[in-house]
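Along the sequence shown, the residues carry numbers beginning at 1.
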Amino acid sequence: MNGRARVLAAGLVVLVTAGLGGCGAGAAGAAAVSGGSAGHATASADSVRAAAPTPASAVTPTPASAVTPTSASAVIPTSASAVTPTSSSAVTPTSTSSARPTASSSPAPTPSTSTATPTASAATRHRAEFPVVTQEQQNRLYAEVRLAGMTLEQKIASLFMVHVGGPDPAATRAYLAANGIAGVLLLGDNVPGGTDQTAAYTEALRAGTPGSGGSDGLGTLVAIDEEGGIVARLQADTYPSAETLKTEPVAATTDAFRQRAALLDATGMSVNIGVVADVTGDPSSFIYERALGTDAGSASERVAAAVEAEQGAVFSTLKHFPGHGAASGDSHSSVPTTDLPLDTWRAEDAPPFAAGIDAGAELVMFGHLVYSSVDAAPASLSRPWHDILRDELGFEGVAVTDDLLMLEASGVPAYADRTANAIAAIGAGNDILLYNTTVDVPQLVASVAGAVRAGQLPAETVDEAALRTLELRRELWLEQNPVAAS
């Protein structure tokens, strides 16, 4: 472990101990930073001992005779007010002679000015109050410790989410173990059977993959895009979709997404890329059937309801930021473009995303959409759009790209290079790069690392992305391991 990892590990133990108040909590904090996978920083016994506070029972008071102040004023109050208790419950001396012993009032020898005289009774002493450390703060400290122990290549690899085809979980487990990525995207070919087959598949992933829910301390994100309707991967999802929900009361959206989230939870999913926050009232639009509202107001209400319904079951993902409704065309095979002014976007397209963020969405997916009034690049590769999401809408969670292979399929020469797209996506501010088929992760990681070392991509940008992803994975692991969380 390097020096930074030791310092962070010690800090985590101190804060966890302070926040939970006791040696048992301190031991739990020390255990929280132990583990055994590559890139996993482990706090040493020395650092834990140095960081942990000494229990009060172990402190041996120094005899008064051993305390040698430099002057009488250091231990003897100079005025009566300094020794007179302020409450009726304290002992009140009856005369000035009782406040300070003398030869005539007591056979005991007169204390010298070098003897410490306590001025507070045991009844008035109290323990110092420690700040409460929230679970969110603990997760961040844990993630910082893990990050400090990772190589550049490991950090970059932790930003990938990839689809591995087929219903055999062994192939997916092998891919995860070989590449050290954040998670996997499941599509219909992974879960062709019913609920039981799907649950068995995800359970096999969690049981057989380091970091998928065991002792590693970080969960593996298992994502699926389960909107319902025309975008549904699970056969059991027969619940209403946006096609009908947009015309029904908001409560219908809550009911549908609560049932959908329960299904996803029961089948082992941890991320639903399934809340469409796009707005359009145009029935001919590519996204119309999947949009939850035909205007900003109706879409906002239903997006918030969907996110709230998923809370506690799966992590919610809003898509496709900054909004597919204003940009006509199918982003699977083109780069839809609009010249919509930014102020108009703020009024017409931003509200559903803001509502979903306020409702607690943990992830936001960036679309391959060009809003030329803001940036000539697609939003998925645009730093200005990522800044707008975080600075204007206040999003603090994980930003994920739409499938980056779609950019290659767009036919636009500028986006034909897979490596260049990955570097640009991280540089723009994405935390997870999504691919809907297997890719050569080691080659992409090496290329991105080369860009960092060449100064083309700031190392701090990689760290920020990895830290946010690690925090989300830590939260997942604690949910999957409630005993450790308690």
Side-chain angles (χ1 to χ4, degrees), residues 156-157 159-163 181 185 225 273 278 285-287 318-342 344-345 349 353 363-391 398-462 464-465:
I156 296 167
L159 309 183
F160 284 77
M161 178 179 282
V162 180
H163 169 65
I181 60 178
L185 170 68
D225 48 346
I273 310 175
D278 307 306
S285 169
F286 158 75
I287 205 70
L318 306 175
K319 61 183 185 183
H320 308 79
F321 190 82
H324 219 309
S328 61
D330 184 347
S331 57
H332 291 86
S333 56
S334 66
V335 180
T337 302
T338 179
D339 60 0
L340 189 76
L342 181 58
T344 304
W345 172 84
D349 294 270
F353 289 99
L363 300 94
V364 170
M365 171 178 277
F366 275 78
H368 306 311
L369 314 166
V370 171
Y371 279 68
S372 58
S373 63
V374 175
D375 196 348
S380 54
L381 307 184
S382 168
R383 170 58 72 171
W385 273 117
H386 283 77
D387 290 343
I388 289 171
L389 176 68
R390 298 202 182 276
D391 297 340
V398 171
V400 55
T401 68
D402 204 342
D403 171 27
L404 280 172
L405 298 180
M406 291 162 56
L407 276 178
E408 294 180 43
S410 69
V412 179
Y415 310 124
D417 188 313
R418 184 170 301 177
T419 297
N421 291 343
I423 294 170
I426 297 172
N430 290 289
D431 306 311
I432 292 179
L433 311 186
L434 183 67
Y435 296 86
N436 73 352
T437 191
T438 53
V439 293
D440 187 347
V441 172
Q443 185 274 322
L444 286 170
V445 167
S447 297
V448 174
V452 172
R453 294 187 173 106
Q456 300 171 6
L457 178 64
E460 294 79 7
T461 300
V462 173
E464 290 169 2

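Sorted by first and then second residue, the salt bridge (Lys or Arg N to Asp or Glu O under 4.0 Å) pairs with a member in residues 423-435 read Arg390-Asp431, Asp431-Arg468; sequence neighbours excluded. Applying the salt bridge (Lys or Arg N to Asp or Glu O under 4.0 Å) test to pairs two or more places apart or on separate chains, those with a residue in residues 402-416 are Glu408-Arg418.
Taking 4.5 Å as the limit, every side-chain heavy atom of Leu363 sits out of range of all side-chain heavy atoms of Lys319. Side-chain contact between Trp345 and Ile388 is present, with heavy atoms from C-beta onward closer than 4.5 Å. Two residues are said to be in side-chain contact when any heavy atoms from C-beta on lie closer than 4.5 Å; Thr461 and Arg383 meet this criterion. With a 4.5 Å cut-off on side-chain heavy atoms, Leu407 and Leu381 count as touching.
Here the CG-CZ distance, from Leu318 to Phe353, works out to 6.5 Å after rounding to the nearest 0.5 Å. For the atom pair NE2 (His386) and OG (Ser380), the distance works out to 7.5 Å, reported to the nearest 0.5 Å. Expressed to the nearest 0.5 Å, how far CH2 of Trp385 lies from CG of Leu389 amounts to 10.0 Å. One distance of note links CE of Met406 with CG of Asn421; it measures 12.0 Å at 0.5 Å rounding. Atom-to-atom distance recorded for Leu369:CG and Asp278:CG is 7.5 Å, nearest 0.5 angstrom. Rounding to the nearest 0.5 angstrom, the gap separating the CD1 atom in Ile273 from the NE2 atom in His320 is 9.5 Å.
A donor-acceptor pair under 3.5 Å links the side-chain atoms of Thr337 to the main chain of Val335, judged by distance alone. Remark: the backbone N or O of Leu185 is paired with a side-chain donor or acceptor of His163 at under 3.5 angstrom. Here the side chain of Ser372 pairs a donor or acceptor atom with the backbone of Thr338 at under 3.5 angstrom. Between the side chain of Thr401 and the main chain of Phe366, no donor-acceptor pair closer than 3.5 Å is present. Judged by distance alone, with hydrogens and angles left aside, the side-chain atoms of Ser382 form no donor-acceptor pair with the main-chain N or O of Ala379 at under 3.5 Å.
Residue Leu342 comes nearest to Ser373 through the heavy atom pair N-OG, 3.6 Å, listed as atom of the first residue, atom of the second, then distance. For Tyr371 against Gly323, the heavy-atom pair with the smallest separation is OH-O, 2.6 Å. Between Ala425 and Leu404 the shortest heavy-atom distance is CB-CD1, 4.3 Å. The shortest heavy-atom contact between Ser447 and Thr419 is CB-CG2, 3.2 Å. The minimum heavy-atom distance between Ile423 and Ala451, with the atom names listed, is CD1-CB, 3.8 Å. Nearest approach of Asp375 to Pro384, heavy atoms of both residues: OD2-CD, 3.4 Å.
By the 30° and 60° cut-offs, the orientation of the rings of Tyr435 relative to Phe160 is parallel.
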Practice prompt. Kindly indicate, with the supporting measurements, whether the criterion side-chain contact (heavy atoms from CB on, under 4.5 Å) is fulfilled by Val441 and Val439.
Written response: CA-CA 6 Å; Val441 172; Val439 293; 4.1 Å; yes

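Looking only at atom types and distance, the side chain of Ser331 has a donor-acceptor partner in the side chain of His324 under 3.5 Å away.
Take Tyr415 and apply the ring-ring contact (aromatic ring centres under 6.0 Å, His included) test, not counting sequence neighbours, and it matches no residue.
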